[in-house]
Amino acid sequence: MIQATEVTIVYRGDGKQTAFSFPYPYRTSGDIHGYLVDEMGMETEIVSNYRYDTVENTYIYPVQGDPLTADMSIRLSRETPLQNNVDLPDKLPFSLIEKSMDWIIMMLQETIYRANLAPISAQESAKQAALALTYAYKAADEAKLAEQYENAAETNADQAKQEAATAANWAAEAAAYSSTAYAASAPAWDVSKTYDYPAVVAYEDGNSYRCIGKSITGENPQSSPYWVKVTLDGENYFEIDETGGLMPATSPTYSSRWELDSNGDIMPKGLPSQRAGGREQQ
């Protein structure tokens, strides 16, 4: 279980130290990268004259030569490749678990892509990405448990299905955190304010929008051609069941395209009337 959310640590040179501890979890030593930081804050990646001690969890630099002086710092960063290398059996519930983990990786990739497009709060984005990664590790744990149940007696089949459902829940929560990370710092839209590209605002429908025009005032982001939506909808009216089928959610709360009619049935938004018993109510 991953508890720490930090992924980087900085040490200042003292003319003596050459072994720097990396106290956070990591997949493999190849994911730990070192950067030299000068007094102006400029960074240069270390590509030679270093090694990583997996026994002591320490980054050795330099292997040869003089230690870093006080005017230099070294930053160690965990940079895990955004790819899913887990290969589970091609049958239920393992195929659902592997698909859920693939979705988590895609959401993490999209979070980073969107973070490069808009001025998002770096601290909040890192926090939400770390939470999504935590759920990814939880999903991996569930996959291992499900495999153990599959190899056990037949009476454990129901438990394996529950583990698959749990992994799917982690994927859904990771999606919510990815959406939250992108819209965390966008200011509320102001009808009296003038906006220019690439301004990003939060609108009352719960989504964030980017301005693609110049000197735009009073234009509703939800309907104006000068605004485009840049966040996920947070749709939760449908879900994937344990067999991989698309099913209506048990307790839906929000959708930009669907709503519940007077009978509690899911209907497209914006219809002039609600349907009941196969006939329209006038």
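Numbering of residues begins at 1 and proceeds along the displayed sequence. Keep in mind the model is a prediction, meaning the values are calculated, not measured.
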Exercise. SG/Cys211 to NZ/Lys193 distance, rounded to the nearest 0.5 angstrom?
Worked result: 11.0 Å

Exercise. Quick one: do Ile46 and Val37 end up in the same hydrophobic cluster if we chain Ile, Leu, Val, Met, Phe, Trp and Tyr together by side-chain heavy atoms under 4.5 Å apart?
Worked result: no

Seminar exercise, completed: Correct closest heavy-atom pair for Pro67 and Pro62 would be CA-CD, 4.0 Å

Problem set entry | In one Ile/Leu/Val/Met/Phe/Trp/Tyr side-chain cluster, 4.5 Å: Tyr50, Tyr52 | yes

Exercise. Considering only heavy atoms from C-beta outward, does the side chain of Ile266 approach that of Leu260 to under 4.5 Å?
Worked result: yes

Seminar exercise, completed: Here the gap from Asp71 atom CG to Glu39 atom CD, rounded to the nearest 0.5 Å, amounts to 5.0 Å

Problem set entry | Sidechain-backbone polar pair: Glu56 side chain, Thr58 backbone, donor-acceptor under 3.5 Å | no

For this session: For the pair Thr54 and Ser29, evaluate side chain to side chain donor-acceptor pair (under 3.5 Å) and give the outcome as yes or no after the intermediate values.
Result: CA-CA 7 Å; Thr54 56; Ser29 61; over 6 Å; no

Problem set entry | Atom pair CH2 (Trp189) and CD (Glu219), whose distance is rounded to the nearest 0.5 Å | 9.0 Å

Exercise. Which heavy-atom pair separates Val201 from Pro221 by the least distance, and what is that distance?
Worked result: CG2-CG, 4.4 Å

Exercise. Do Arg75's NZ or CZ and the ring of Tyr35 fall within the cation-pi criteria of under 6.0 Å and 45°?
Worked result: yes

Exercise. Short question: side chain of Arg210, backbone of Pro198 - any donor-acceptor pair under 3.5 Å?
Worked result: yes

Seminar exercise, completed: Heavy-atom nearest pair, Leu76 first then Thr8, reads O-OG1, 2.9 Å

For this session: Heavy atoms only: give me the nearest Asp196-Ser215 pair and the separation to one decimal.
Result: OD1-N, 2.5 Å

Problem set entry | Within one Ile-Leu-Val-Met-Phe-Trp-Tyr cluster: Leu68 and Ile60, side-chain cutoff 4.5 Å | no

For this session: Determine yes or no for a side-chain-to-main-chain donor-acceptor pair under 3.5 angstrom, with Asp31 supplying the side chain and Arg78 the backbone.
Result: no

Exercise. In terms of hydrophobic clusters joined by side-chain contacts under 4.5 Å, are Ile9 and Leu36 together?
Worked result: yes

Seminar exercise, completed: Between Arg12 and Ser73, the two heavy atoms sitting closest are CA-OG, 3.7 Å

Exercise. Is the Tyr11 to Phe22 ring centre distance short of 6.0 Å?
Worked result: no

Exercise. With no hydrogens and no angle check, is any side-chain donor or acceptor of Asn49 less than 3.5 Å from a backbone partner on Gln64?
Worked result: yes

Exercise. Ring centres of Tyr203 and Trp227 under 6.0 Å apart?
Worked result: no

Exercise. Would the number of heavy atoms belonging to other residues, nucleotides or ligands and lying under 6.0 Å from CG of Asp66 be above 12?
Worked result: no

For this session: Following the transitive rule for hydrophobic clusters with a side-chain heavy-atom cut-off under 4.5 Å over Ile, Leu, Val, Met, Phe, Trp and Tyr, establish whether Tyr226 and Val191 coincide in one cluster.
Result: yes

For this session: Considering non-hydrogen atoms only, spot the tightest contact between Pro187 and Val200 and give its length.
Result: CD-O, 3.4 Å

For this session: Report yes or no: does Asp38 contribute a side-chain atom to a donor-acceptor pair with the main-chain N or O of Met42 at less than 3.5 Å?
Result: yes

For this session: For Asn220 and Ser224, indicate whether the former's side chain and the latter's backbone hold a donor-acceptor pair under 3.5 Å.
Result: no

Exercise. Does the ring center of Tyr61 lie less than 6.0 Å from the ring center of Tyr59?
Worked result: no

Problem set entry | Atom pair OH/CD of Tyr26 and Glu79 - distance to nearest 0.5 Å | 15.0 Å

